[in-house]
Every structure is written in C-alpha cells, then in structure tokens.
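Naming: A, B, ... by sequence-line order, numbering from 1 per chain.
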There are 2 protein chains.
Amino acid sequence: MSSVREKILDVAGNLFFQYGYRAIGIDMIIAESQIAKATLYRHFKSKDDLIVAYLEEMNRQFWAWFDGATTPHDNPKDQLIAVFDALQKLVSTPTCYGCPFLIAASEFPDPTHPGHEVARRNKELVQARLSALCHAMGAKNADALANQLYLMMDGAFIAVRMYGVNNPANGVGEFARQMVACAIGA
Amino acid sequence: MSSVREKILDVAGNLFFQYGYRAIGIDMIIAESQIAKATLYRHFKSKDDLIVAYLEEMNRQFWAWFDGATTPHDNPKDQLIAVFDALQKLVSTPTCYGCPFLIAASEFPDPTHPGHEVARRNKELVQARLSALCHAMGAKNADALANQLYLMMDGAFIAVRMYGVNNPANGVGEFARQMVACAIGA
DNA sequence: ATGATAAAAGACAGACCTGTCTATCTATAA
DNA sequence: TTATAGATAGACAGGTCTGTCTTTTATCAT
C-alpha cells in the first residue's frame, strides 16, 4: 500500500474534480503533488489509467456516503429520504464541484471510454438502489418514482457545477419528501 | 449576413455538442467545414469567441423550441406539461447529445468564463420561466415545484450524455404530469 | 476590365500535451 | 557495507493546441 500512490490520486482527483479531466495536464499534477513524472508513470500506466483509478476511488467513497446516509434508518422510506437530505447537505458544501461521474461522462461521451464506463456503472447502480428502495417502500409507481428521484439527484449535482454553492438544489431533501409522499398516497 | 459564418458555426457546433468543447480543436473544425484557418479567425476573434457565438445561437434555438412547445396551449398547466413532453421527445432523439449549456458549464466551471456565463444566463431564464408557469398555475408550493421540475429537466439532459438515447428520462413527460398533479392537489 | 474583398492552402511560432528516458539521490534491507 | 528499489529533476521526442502570417486564387461591384 503505497502512500505515494494515494497522494498522487488525492492531488490529481482534486484537480480533476474542480477543473475537469481535460483541463488538467500531467505536468500540473506532478507540480502540485511535488513528485517526479517517472513516479507518476510508475504507479499509473497512463493519464486515462489515473482517471479510472480516481473514478473507482470516488465510486467507493460514493457508496460509503450513500450507506452512511441509509444505515441509521430501518425502513426504505426513511432511508430514501435520508439519501436526499444528505444530498442537500452535500450540494451546499463549498468543496463539492458537482459529480465526478457526470463530469467524466460529459467530457468523455464515448461510451467505450474507460472513464465513461466506470461513471456509467456507478449511475446504473444508483438507479438500481433507488429502484429497490422505492419498491421496498411499496410505492404505487415504484419505477417511475425511482427515475424521478434519480433525475433529480443528477440534476442537483449538475446544478452545483452551474451555480456553485447557491444552487436550486438546496431544497432537494424536501423535494424528495414531497415526491415520496405523493407516490405512497399520503 | 455571411453564410460562411453560419457554416462554421454549424460545423463547429455539431462537433462541440457531440465531443465537447475542449476535445475539439480549431484544426478539426476547419478540416470538417473545409474552410481556411484565416477565414475562421476573420469571423471569430478566438476559439472562446466561437464557443460563445455557438452558445448564443443555441440559446436562441432553445427558446424557439420552448415557445414552440408552449404556444399551442392557453393555460400554464398545459404549457408546463407540453414543455416536458417536448423534452421527453428531445432526449429520445439520436442527434441529442445532452445540453450544450450543461456541457459548457461542466467543462468551464469558472463562473467568469464567457462560455459559462452564457450557459448560466440560459439556465437562470429557464428557472424563471418555469417558476412563472408554476405561479400562474396557482400551485401550492410554486417555487418548490419549479425547482423540482428544473432539476428534473437538467437531470434528463445529463442522462442523455451518460446513457445515450436509452436513458432514464424517457418518461419525463409523465413524471412532470405526476408532480404537477401532486402540487395542485388533484 | 479593374480594383477591392474574401477565401483557400498551408507554413510557422510558441506553448502545451503525454509519455520515455537518463542521471542522481536516498532509504532500506541483507 | 553494499546492493536494490524507488524517488527526484529534468531533458527529450513527437504530437497537438491556438493564433498569425504569407501567398495564391476566386468573386464581386463599379
């Protein structure tokens, strides 16, 4: 377990997340993390490899965040709402620059690009998880509700990139509550 | 009114939209549109200038599309739903690669970047228009509904870039109907 | 027909990109 | 102590980027 590798991943990730994958060059990463270029290429085969490694790490952190939101609750409805409350908090955080997966898919629209693939796998799992929670909740139109919530989540993430910290997603927790209430006929 | 300018704008725009602003270079644009580099730089001061011109043209086309959806209807509720029906149709079109404004904001996150500014102005107007329709409709929580619909619209656009033509926004018209029905207490 | 305008083709500059390489230094382990 | 591994600094290659410039050709109005 090399700490150098983690340092590179951390610095590169922060730069990618804030400025975009194409906007950040290798030279910028090695300058910012104060390592040699050969060191970077010893740990990562290529820039794409580094991007994929970052996205996979973000995927792990995303699910830690997601599970961290749901586990305190014991029923699907509260778990679902907890996710969107956590999302509302996240999109109000100054260090949140959107969603690494959406940015990756936007910059690498080719679905066969390795970065796009990792991003897409994450989103497909999110869809599946939301759908499972909606079904477990016994919502009238579970699939439709899950898709609505999914679109709203990504809409929230992209709103952060457009508007920064003061974005139209600062009420997304309450929005989810309304949609869920409507779907279960409360 | 130069047709050369329009041709450049058309070719460059299609490339930007499909592959991204940073991914497409000037050389690619002049090769694809079969013009000389000097010709491009006679019509556009810089690449950023070309990007801004494209985004402004897209803004015009966006509002033509939006108004084209609303004008056949005479009440705010039907107008609102018509927009999302049109959106559903749009995100199922193979030549739709997402939203030029979201892509621009994603690739140029700096809010002072000229491309980001044009994109943001468009989105702010969309928010305002949706909000006006929700208020005119007499929705219970008009601002909240407008924001929900806004987030869902951008979620739909970004889903196109992530998933292509088979995306989770292919029911967004019905989703909007449900949300509106819920908000007006039908 | 002639002068002016604009376009085409492409060389060019200077910067930046990814990725490889060499040479040197340092730390650790046998 | 000495060998090995990994780090550093940075030159370098080959390509691409934006933007400028020159030269030649075509178009158009007078």
Side-chain angles (χ1 to χ4, degrees), chain A residues 1-56 103-104 106-110 112-118, chain B residues 1-56 103-104 106-110 112-118:
Chain A
M1 193 63 86
S2 165
S3 83
V4 178
R5 193 189 137 97
E6 286 163 31
K7 183 186 176 188
I8 297 170
L9 219 40
D10 182 57
V11 170
N14 285 334
L15 291 170
F16 285 152
F17 191 24
Q18 181 163 6
Y19 300 104
Y21 300 95
R22 296 195 118 107
I24 295 299
I26 294 293
D27 287 340
M28 173 114 266
I29 295 167
I30 66 167
E32 207 73 15
S33 53
Q34 289 174 304
I35 55 143
K37 196 178 269 198
T39 306
L40 189 150
Y41 279 99
R42 187 188 326 282
H43 288 278
F44 303 97
K45 199 171 91 276
S46 65
K47 187 186 175 185
D48 271 0
D49 211 54
L50 175 58
I51 291 171
V52 166
Y54 164 66
L55 287 169
E56 279 167 350
I103 298 168
S106 199
E107 288 199 60
F108 310 117
D110 177 4
T112 68
H113 187 286
H116 189 112
E117 283 180 346
V118 178
Chain B
M1 194 62 86
S2 165
S3 83
V4 178
R5 192 189 139 98
E6 286 163 31
K7 184 186 176 188
I8 297 171
L9 219 41
D10 183 58
V11 170
N14 286 335
L15 292 169
F16 285 152
F17 192 24
Q18 182 164 7
Y19 300 104
Y21 299 96
R22 296 195 118 106
I24 295 298
I26 294 294
D27 287 341
M28 172 114 271
I29 294 167
I30 66 167
E32 206 73 14
S33 54
Q34 289 174 305
I35 54 143
K37 196 177 270 197
T39 305
L40 190 151
Y41 278 99
R42 187 187 327 280
H43 288 279
F44 302 96
K45 197 171 91 277
S46 65
K47 187 187 175 185
D48 272 0
D49 212 53
L50 174 59
I51 291 171
V52 165
Y54 164 66
L55 286 169
E56 279 166 352
I103 298 168
S106 200
E107 289 199 61
F108 309 117
D110 177 4
T112 69
H113 186 287
H116 190 111
E117 283 179 347
V118 177

Hey, what are the protein-to-nucleotides 25-29 of chain D N/O distances that come in under 3.5 Å?
none

Rounded to the nearest 0.5 Å, what separates atom [atom1] in [X] from atom [atom2] in [Y]?
X	Y	atom1	atom2	answer
A/Glu117	A/Leu55	CD	CG	11.5 Å
A/Ile103	A/Phe108	CD1	CZ	11.0 Å
A/Arg5	A/Leu50	CZ	CG	9.0 Å

Rounded to the nearest Å, what distance is computed from the [atom1] atom of residue [X] to the [atom2] atom of nucleotide [N]?
X	N	atom1	atom2	value
A/Asp49	C/dT20	CG	C1'	16 Å
A/Leu50	C/dG19	CG	P	10 Å
A/Arg5	D/dA7	CZ	P	12 Å
B/Met28	D/dG15	CE	C1'	15 Å
A/Ile30	D/dA11	CD1	C1'	12 Å
A/Phe44	C/dT20	CZ	P	15 Å
B/Ile29	D/dT16	CD1	P	16 Å
B/Leu40	C/dG10	CG	P	17 Å

Give the angle between the helix axes at the two ends of the helix from C/dA1-D/dT30 to C/dA30-D/dT1, taking five base pairs at each end and rounding to 10°.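 Axis-to-axis angle, ends of the helix: 10°.
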May I ask you to evaluate whether B/His43 reaches the phosphate of C/dA7, defined as a side-chain N or O under 4.0 Å from OP1 or OP2? yes
Between D/dA7 and A/Arg42, is there an OP1 or OP2 to side-chain N/O distance shorter than 4.0 Å?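 Yes.
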Listing, residues 17-33 of chain B side-chain donor-acceptor contacts under 3.5 Å, not counting sequence neighbours, or none:
residue: B/Tyr21; atom: OH; partner: B/Pro100; partner atom: O; Å: 2.9
residue: B/Arg22; atom: NH1; partner: B/Glu107; partner atom: O; Å: 2.8
residue: B/Asp27; atom: OD1; partner: B/Lys37; partner atom: NZ; Å: 3.0
residue: B/Ser33; atom: OG; partner: B/Ile29; partner atom: O; Å: 2.6

Applying side chain to side chain contact (heavy atoms under 4.5 Å, CB included), can you list everything that pairs with A/Val52, at least two apart in sequence or on another chain? A/Glu56, A/Pro114, A/Val118
Closest heavy-atom pair and its distance - [X], [Y]:
X	Y	result
A/Ser106	A/Pro109	O-CD, 3.7 Å
B/Ala104	B/Gly115	CB-O, 4.4 Å
A/His43	A/Ile8	CD2-CD1, 4.2 Å

I want to check something: taking the side chain as every heavy atom from C-beta on, are B/Leu9 and B/Phe44 in contact at a cut-off of under 4.5 Å?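 Side-chain contact under 4.5 Å: yes.
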I'd like to check A/Thr112 versus A/His116 (side-chain heavy atoms, cut-off strictly below 4.5 Å). Are they in contact? no
A/Asp10: side-chain hydrogen bond (donor to acceptor under 3.5 Å, both in side chains) partners, not counting sequence neighbours: none
Identify all pairs in which a protein N or O lies below 3.5 Å from an N or O of nucleotides 18-24 of chain D, and state each distance.
residue: D/dT18; atom: OP1; partner: B/Lys47; partner atom: NZ; Å: 3.0
residue: D/dT18; atom: OP2; partner: B/Ile26; partner atom: N; Å: 2.5
residue: D/dG19; atom: OP2; partner: B/Tyr41; partner atom: OH; Å: 3.1
residue: D/dG19; atom: OP2; partner: B/Lys47; partner atom: N; Å: 2.8
residue: D/dG19; atom: N7; partner: B/Lys37; partner atom: NZ; Å: 3.3
residue: D/dG19; atom: O6; partner: B/Lys37; partner atom: NZ; Å: 2.7

